[in-house]
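Structure, as structure tokens:
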Amino acid sequence: MEVRPYETVGNSTRHRRHVPATPSKQPAVPPNTVDTTSVSQRLQKELMSLMMIGGDLGVSAFPEGESIFAWIGTIAGGKGTAYEGLSYKLSLRFPLDYPFKPPRVKFETMCFHPNVDQFGNICLDILQNPTRIVL
């Protein structure tokens, strides 16, 4: 029901009656469709960038198969850290609405770290609920 505002007639104010809202004559807008082409192009661009400089940083990643949305990556342990000399394999799954939603990243190689559980999942609140703001 649509509530209409007060109506003034002469010196008196009265309520307008409730009138049912009329349905829109326009066709319903379909839910946001994802342009997977632009997401694929973005991932291809990021892959090329990673291939150019990733090795210098000790990281690499490549599509796992035919899909650009599933990657396998590696991270080399940083020099001068407890992880030096170690290499970690990760799986990355990019959502269809990337980069607006983050990829799911999981350590496939066991990693002893306070923010990685025994199944390889990264345990950070900010990754689970990115809209939450902590002050």
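Residues satisfying the side chain to side chain contact (heavy atoms under 4.5 Å, CB included) test with F119, not counting sequence neighbours, are D117, N121. For S38, the side-chain hydrogen bond (donor to acceptor under 3.5 Å, both in side chains) test picks out D35, with sequence neighbours left out. For F69, there are no ring pair (Phe, Tyr, Trp, His ring centres under 6.0 Å) partners, not counting sequence neighbours. Among residues two or more places apart in sequence or in another chain, the side-chain hydrogen bond (donor to acceptor under 3.5 Å, both in side chains) test is passed with Y98 by E46. In terms of the side chain to side chain contact (heavy atoms under 4.5 Å, CB included) criterion, residue partners of Q44 (sequence neighbours excluded) are, by chain and number, I68.
Judged by distance alone, the side chain of S87 and the main-chain N or O of A76 form no donor-acceptor pair under 3.5 Å. Between the Y83 side chain and the F112 main chain, a donor and an acceptor come within less than 3.5 Å of each other.
With values rounded to the nearest 0.5 angstrom, L90 atom CG is found 4.5 Å from I75 atom CD1. Distance check, rounded to the nearest 0.5 Å: CG of L92 to CG of L43 gives 10.0 Å. To the nearest 0.5 Å, atom OG1 of residue T109 and atom CG of residue L86 are 9.5 Å apart. Expressed to the nearest 0.5 Å, how far CG of N115 lies from CG of L124 amounts to 4.5 Å.
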Side-chain donor-acceptor pairs of residues 48-65 under 3.5 Å, sequence neighbours excluded:
| unit_1 | atom_1 | unit_2 | atom_2 | d |
| --- | --- | --- | --- | --- |
| S60 | OG | T74 | OG1 | 2.6 |
| E64 | OE1 | R93 | NH1 | 3.1 |
| E64 | OE1 | R93 | NH2 | 2.8 |

Report, one line per pair, each donor and acceptor closer than 3.5 Å where one atom sits in a side chain of residues 100-108; sequence neighbours left out.
| unit_1 | atom_1 | unit_2 | atom_2 | d |
| --- | --- | --- | --- | --- |
| E108 | OE2 | S91 | OG | 2.8 |

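Among pairs with a residue in residues 77-87, none fulfils salt bridge (charged side-chain N to carboxylate O under 4.0 Å, His left out), at least two apart in sequence or across chains.
The heavy-atom pair separating T36 from L96 by the smallest distance is CG2-CD2, 4.0 Å.
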